[in-house]
Amino acid sequence: MPRALIIGHHGQDGRILWDQLTRRGFSLVGVSRHAVEVRDAGKYDPVDVADLASVRRLVERFRPQQVYYLAAHHHSSQEAGANEADIWRDSWRVHVEGFGNVLEAVSSFCSEARVFYASSSRVFGEAATKPQDERTPMRPTCIYGVTKASGMLLADYYRRVRGSFVACGILFNHESPLRGPQFVTQRVVDGLVALKKGLRPSFEIGSLDARVDWGYAPDYTRAMWMILETQKPQDFIVASGRTYSVRDLVETAAQCLGIDWQGHVVETSSILQRHAQELCGDTTRLREATGWCPSVDFRGMVAILVDGALARSEGRTPATASR
């Protein structure tokens, strides 16, 4: 039975990837901040990724063949700001220090294991080219982007100098009903469902004109394990290759619900904590190396998000196709 370790398995991507690998017959260990979950893998003590000794104990015992480092310290552009020093500390701890501990443990106990690092389009920041590909210089403009870029440099070091199989996925925005409520996609669909049900007269978002390269999260987690099946480790853009505005998101979701949104969605620039650059990914390398392509387009993704918001409003668990 193949063995995979998922760091950050309680997040959106980790939960979807867990289901996908379960269907593929994997023995699994999932590590979150407060717990360890297993599937056909015995029992393990909780692990703090910032504690090298606990990471080494887990890796030495489980000996994974695949490792997915999905842990992330998220701070949405529409989320009330925390102390910047705390964001720096927590982001570095998760995106770099913890990742380094996992790489070191893998190098010591199961050097043939293949490791995936979930990076972000935010490493590009003020991108010099459009669309962005794997050769686009990293010019991050936020803490999240800086620390994810640092994680990619760490991956490159282990790949070149230590001979490890470490591949990075530069993930553009990808959504599902499992996405947190602080993100604009959930803010929009939850707000429109509340409008439809007469629970509120309006809701606020930061900007209708902001444009985003959006995709469906299960397609992106599928790309992760396809990347680990390639012949050589390298970095890959995972994106839809098209951008849509928040206005497009609102209009499409409103059409799914059969409501008029005009006059009910209020732009409030003060809720934006940072300006988000328009980024769009070129997936040529990924498609050529793996044959990957998205199975759900923008309209299909929005329809799934709307269905999830309706389910939450009715006290039901949103369904997420994790194909």
| message | Testing Val47, Val38, Asp40 one by one against Val29 for a side-chain contact (heavy atoms from CB on, under 4.5 Å), which residue passes? | response | Val38

Is any side-chain heavy atom of [Y] closer than 4.5 Å to one of [X]?
X      : Y      : result
Pro177 : Ile304 : yes
Val106 : Val166 : no
Thr221 : Asp19  : no
Cys293 : Arg287 : yes
Pro140 : Lys148 : no

For the residue pair [X] and [Y], categorise the inter-ring angle as parallel (less than 30°), tilted (30 to 60°) or perpendicular (more than 60°).
X      : Y     : answer
Trp18  : His9  : tilted
Tyr44  : Phe62 : perpendicular
Phe116 : Tyr68 : tilted

| field | Same apolar cluster: Leu103 and Leu52, side chain cutoff 4.5 Å | value | no

| Side-chain H-bond candidate by donor/acceptor type, Thr141 with Glu126, under 3.5 Å | no

| Asp48 bridged to Arg93 by N-O distance under 4.0 Å | yes

| task | Evaluate the criterion salt bridge (Lys or Arg N to Asp or Glu O under 4.0 Å) for residue pair Arg285 and Asp133; output intermediate values, then yes/no. | result | CA-CA 8 Å; Arg285 176 184 290 180; Asp133 63 19; over 6 Å; no

